[in-house]
Enquirer: 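Dropping the structure in here first, questions after.
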Number of protein chains: 2
Amino acid sequence: MGKPPPITNRVRELREEHGQMSQSALAKEIGVTRQTVIAIEQGRYSPSLESAFKISRVFGVGIEDVFGWVG
Amino acid sequence: MGKPPPITNRVRELREEHGQMSQSALAKEIGVTRQTVIAIEQGRYSPSLESAFKISRVFGVGIEDVFGWVG
DNA sequence: GCTCGATGTCAAAAATATCTTACACGCCGC
DNA sequence: GCGGCGTGTAAGATATTTTTGACATCGAGC
């Protein structure tokens, strides 16, 4: 599986700013697996638009406040 | 292929507002196939975060100005 | 020491997105 | 009529994301 996608994210920071929310807790809140959270945080792949929306909504910010585009 | 995802989009409107840009032209600009553009416009599936970024950048707007979340 | 929670790794399967190709239809200009 | 363009549909193949489950490590607390 190939290349790291040109997408940056601040999921980990936001998680910590949100009262030490754990990966498991975030995963449960957005309805995905802990594996998925780990992979996204590590930039192994970029999430679907749906997951991106859910994540940003959990933190109460916009998508572009969480994910960045290195184009 | 199951259910239509809870994601709305204004790709078609934006395309028309952008000087009658055709599906093919948009597809070429964002580096995907015309099929993909059609499927996204029809809401058959939600694009990847990467495609979403590319699309919104073509139109010079933010992701949330193109895609909406019906959560 | 032991257990627990949080994090990470690995690997395979399932689900979803994307590509390729081909065909069909309506509209417009020639 | 015919050709080109824009749009839509369909099927199969490939790629990517997501899930599942098992196991390893580290730090804190008992």
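Side chains included, hydrogens not; waters and symmetry mates left out as well; all remaining heavy atoms used. Residue numbering restarts at 1 for every chain, and letters A, B, ... go by the order of the sequence lines. Note that the structure is predicted; figures quoted are calculated from it, not measured.
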Enquirer: Determine: side-chain N/O of A/Q23 to OP1/OP2 of C/dG8, distance under 4.0 Å, yes or no.
Expert: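 A/Q23 to C/dG8 OP1/OP2: side-chain N or O found under 4.0 Å.
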Enquirer: Under 4.0 Å between a side-chain N/O of B/S48 and OP1 or OP2 of C/dT18, yes or no?
Expert: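 Checking B/S48 against C/dT18: at least one side-chain N or O falls below 4.0 Å of OP1 or OP2.
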Enquirer: Nearest 0.5 angstrom please: B/I63 CD1 to A/S56 OG, how far?
Expert: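 Interatomic distance, B/I63 CD1 to A/S56 OG, rounded to 0.5 Å: 9.5 Å.
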Enquirer: Between C1' on C/dA17 and CG on B/N9, what's the gap in Å once rounded to a whole number?
Expert: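 So the CG-C1' distance, B/N9 to C/dA17, works out to 15 Å.
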Enquirer: From C-beta outward on B/I38, which listed nucleotide comes closest to its side chain: D/dT9, D/dT18, C/dT7?
Expert: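 Selected nucleotide (nearest to the side chain): D/dT9.
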Enquirer: Less than 4.0 angstrom between a side-chain N/O of B/T33 and OP1 or OP2 of C/dC19, yes or no?
Expert: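 It does, given that an N or O in the side chain of B/T33 lies less than 4.0 Å from OP1 or OP2 of C/dC19.
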Enquirer: From NZ of A/K28 over to P of D/dT20, roughly how many Å is that when rounded to an integer?
Expert: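 From A/K28 NZ to D/dT20 P: 13 Å.
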Enquirer: Between the side-chain atoms of B/Q35 and the base atoms of D/dG8, is any donor-acceptor pair under 3.5 Å?
Expert: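 There is none.
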Enquirer: Given C/dG8, C/dT18, D/dT18, identify the nucleotide with an atom nearest to the side chain of B/S51.
Expert: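 Of all the options, the side chain of B/S51 is nearest to C/dT18.
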Enquirer: Counting the atoms with a prime plus P, OP1 and OP2 as sugar-phosphate, which does A/T36 contact under 4.0 Å by heavy atoms, base, sugar-phosphate, or nothing?
Expert: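 Touches a base.
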Enquirer: Which whole-number value in Å describes the distance from B/Q20 CD to C/dC28 P?
Expert: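 In whole Å, C/dC28 P lies 13 Å from B/Q20 CD.
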Enquirer: Any side-chain to backbone donor/acceptor pair from A/T33 onto A/T36? Under 3.5 Å, distance only.
Expert: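 A pair under 3.5 Å: no.
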Enquirer: If you define the side chain from C-beta out and look only at heavy atoms, does anything of A/K54 sit under 4.5 Å from A/V58?
Expert: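 Not touching, per the 4.5 Å side-chain cut-off.
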Enquirer: Does A/R44 put a side-chain nitrogen or oxygen below 4.0 Å from OP1 or OP2 of C/dC10?
Expert: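 Answer is no, no contact under 4.0 Å.
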Enquirer: Atom CZ of A/F67 and atom P of D/dT17: how far apart are they, to the nearest Å?
Expert: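 In whole Å, D/dT17 P lies 12 Å from A/F67 CZ.
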Enquirer: Does the pair A/I40 and A/V32 meet the rule for a side-chain contact (heavy atoms from CB on, under 4.5 Å), with working shown?
Expert: CA-CA 11 Å; A/I40 293 173; A/V32 298; over 6 Å; no
Enquirer: Quick check: on DNA chain D, is the nucleotide nearest A/A39 upstream (toward 5') of the one nearest B/S22, or the reverse? Name the residue that is more 5'.
Expert: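 On the 5' side of the pair lies B/S22.
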Enquirer: Is a donor-acceptor pair below 3.5 Å formed from side chain B/E50 to base C/dT18, judging by atom type as modelled?
Expert: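 There is none.
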Enquirer: Reading DNA chain C from 5' onward, which residue's closest nucleotide shows up sooner: B/R34 or B/S46?
Expert: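 That would be B/S46.
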Enquirer: Within less than 4.0 Å of OP1 or OP2 of C/dG5, is there a side-chain N or O belonging to A/S24?
Expert: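 Checking A/S24 against C/dG5: no side-chain N or O falls below 4.0 Å of OP1 or OP2.
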Enquirer: When the distance from CG of A/L49 to C1' of D/dT16 is rounded to whole Å, what number comes out?
Expert: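 Atom CG in A/L49 sits about 15 Å away from atom C1' in D/dT16.
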Enquirer: May I have the distance from A/R12 (atom CZ) to C/dA6 (atom C1'), rounded to whole angstrom?
Expert: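 A/R12 atom CZ is separated from C/dA6 atom C1' by 10 Å.
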Enquirer: Describe, in one word, how the ring planes of A/H18 and A/F59 are oriented to each other, choosing from parallel (under 30°), tilted (30 to 60°) and perpendicular (over 60°).
Expert: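 Ring orientation of A/H18 relative to A/F59: perpendicular.
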Enquirer: For a quick test of reading the model: is some side-chain N or O of B/Q42 closer than 4.0 Å to OP1 or OP2 of D/dT9?
Expert: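 Result: yes.
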Enquirer: Ignoring hydrogens and geometry, is there a side-chain-to-backbone donor-acceptor pair from A/R34 to A/A27 under 3.5 Å?
Expert: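 Answer holds: no.
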Enquirer: Can you tell me how far P of D/dA15 sits from OH of B/Y45, to the nearest Å?
Expert: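 The distance from OH of B/Y45 to P of D/dA15 comes to 16 Å, rounded to the nearest Å.
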Enquirer: May I have the distance from B/L26 (atom CG) to C/dT18 (atom P), rounded to whole angstrom?
Expert: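 For the pair B/L26 CG and C/dT18 P, the rounded distance is 13 Å.
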